[in-house]
Engineer: 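Questions regarding the structure given below will be posed in turn.
First listed ligand is number 1; within each ligand, the first listed atom is number 1. Residue indices begin at 1 and follow the sequence shown.
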Amino acid sequence: MTQTHLSSYPIGLIHYTNVAPILDALELPEGVSAVRGVPTEMNAALLNGTVNLANISAVEFIRNADVLSALPDFSVSVLGAVYSVNLFHTKPWGDLRGGRIALTAQSATSVALLEVLLRETGVQARLERAEGTALDLLAAGYDGVLRIGDDALREWYEVVGPINEERSMLDLPHQSGGVTVTDLAQRWFILTGHPFAFAVWAYRKDAPPPHALLQAMRQARRYGLGHLGEIAERHAAQLGLPARVVQHYLWNFRYHLEAPDRLGLDEFAAKVAPGHAPLVLSDGRSVSVPAAATP
Ligand SMILES: C=C(O[C@@H]1C=C(C(=O)O)C=C[C@H]1O)C(=O)O
């Protein structure tokens, strides 16, 4: 038997439903292995060198732009509502001043986004790490609770649902039973008019990805976006949500780090890490979108 010596290229995968259109059909090429985890775990794994590439919190890419580069055509971005990055609160936003907000330990980007949004609206609150569902933490006395990912999507629907034949996703209320759900990407859109990039696929500059992996990722995404209905059905069953809700949730994402997403990323970077190292993509370009030519 011939022994093949494979060079090993470990990658990290955040396994939230929002990346299912990219990851569900991904076949890892020979020599590539994957670990899975929540954003803060994958951020740490990439930064400590346990993995060489991962979809990570965009803010960690920004903060570590000296050692990380990002793929030029992959992101988890959204223009307007995202449905799964939510602040649940019982008082109006402005009355959160001086209040206590619980933060999920899974997130880095959304915590930084919340800080930006609070700062820009002049609301100073005490931010504390605490785990639990939004409703449990509100019942425990927190004034606001930040939730992300699948839990946030489920808990959002628990508060504002159900949809029915008369109501589309867009008709759902933003509050119910004394609980308001503020969608942070929607709030960012109102503030800036730009998309918000939650995650990018970053890799260590000293360990660029093999071409076969990039090809496999692009192929998987093409398949996933072409089979969104099936993916939504499968994940809806796992999440305990209507397939209609999950399909809307998925098609709403922008998975290609296009010019508008870069604009949003650049703007966020200027707000969270002024003076950060240039954000470089693997095609050698900077994230910044060139200013439109002036006449
Ligand atoms: C849109 C989301 O984006 C995620 C949010 C992240 C964060 O807050 O650090 C990291 C990766 C993203 O995939 C979500 O979790 O719902």
Engineer: Hey, is V82 touching ligand 1 through its side chain, its backbone, both or neither, going by heavy atoms under 4.0 Å?
Structural biologist: side chain
Engineer: Would you say ligand 1 has an N or O under 3.5 Å from any N or O of V76?
Structural biologist: no
Engineer: Taking the six-membered ring of W156 (Phe, Tyr or Trp), confirm whether the NZ or CZ of R147 is under 6.0 Å from its centre and within 45° of its axis.
Structural biologist: no
Engineer: Please confirm whether the backbone N or O of R100 pairs with a side-chain atom of D143, one donor and one acceptor, at under 3.5 Å?
Structural biologist: yes
Engineer: For ligand 1, which is the ligand I care about here, please tell me if T109 has any N or O atom under 3.5 Å from one of the ligand's N or O atoms.
Structural biologist: yes
Engineer: Should the ring pair W251 and H248 be called parallel, tilted or perpendicular, given that the plane angle runs from 0 to 90° and is split at 30 and 60?
Structural biologist: perpendicular
Engineer: To which protein heavy atom is atom 9 (O) of ligand 1 closest, and what is the distance rounded to 0.1 Å?
Structural biologist: S57 OG, 2.6 Å
Engineer: Tell me whether the rings of W201 and F74 are parallel (<30°), tilted (30 to 60°) or perpendicular (>60°).
Structural biologist: tilted
Engineer: How about F268 and F196: are their ring centroids closer than 6.0 Å?
Structural biologist: yes
Engineer: Any idea which atoms of ligand 1 are less than 4.0 Å away from a heavy-atom of A108?
Structural biologist: 7 (C), 8 (O), 9 (O)
Engineer: Would you mind checking which non-hydrogen protein atom is closest to atom 15 (O) of ligand 1, with the distance to 0.1 Å?
Structural biologist: G149 N, 3.2 Å
Engineer: Output yes when E120 and K271 qualify as a salt bridge under the 4.0 Å nitrogen-oxygen rule, no when they do not.
Structural biologist: yes
Engineer: State the atoms of ligand 1, each with its element, that fall below the 4.0 Å cut-off from a heavy-atom position in Y16.
Structural biologist: 15 (O)
Engineer: If you count the atoms of ligand 1 from 1 in the order shown, which ones are under 4.0 Å from a heavy atom of A199?
Structural biologist: 11 (C), 12 (C), 13 (O)
Engineer: Among protein heavy atoms, which sits nearest to atom 4 (C) of ligand 1, and what does the distance come to when rounded to 0.1 Å?
Structural biologist: F198 CB, 4.0 Å
Engineer: Starting from atom 16 (O) of ligand 1, which protein heavy atom do you reach first, and at what distance in Å?
Structural biologist: S84 OG, 2.5 Å
Engineer: Could you state the interatomic distance from CG (N43) to CG (L68), rounded to the nearest 0.5 Å?
Structural biologist: 9.5 Å
Engineer: Which atoms of ligand 1 sit under 4.0 Å from any heavy atom of V85?
Structural biologist: 1 (C), 2 (C), 14 (C), 16 (O)
Engineer: How far is atom 2 (C) of ligand 1 from its nearest protein heavy atom, and which residue and atom is that?
Structural biologist: N18 ND2, 3.4 Å
Engineer: Strictly below 4.0 Å, N to O, side chains only: are D66 and K205 in salt-bridge contact?
Structural biologist: no
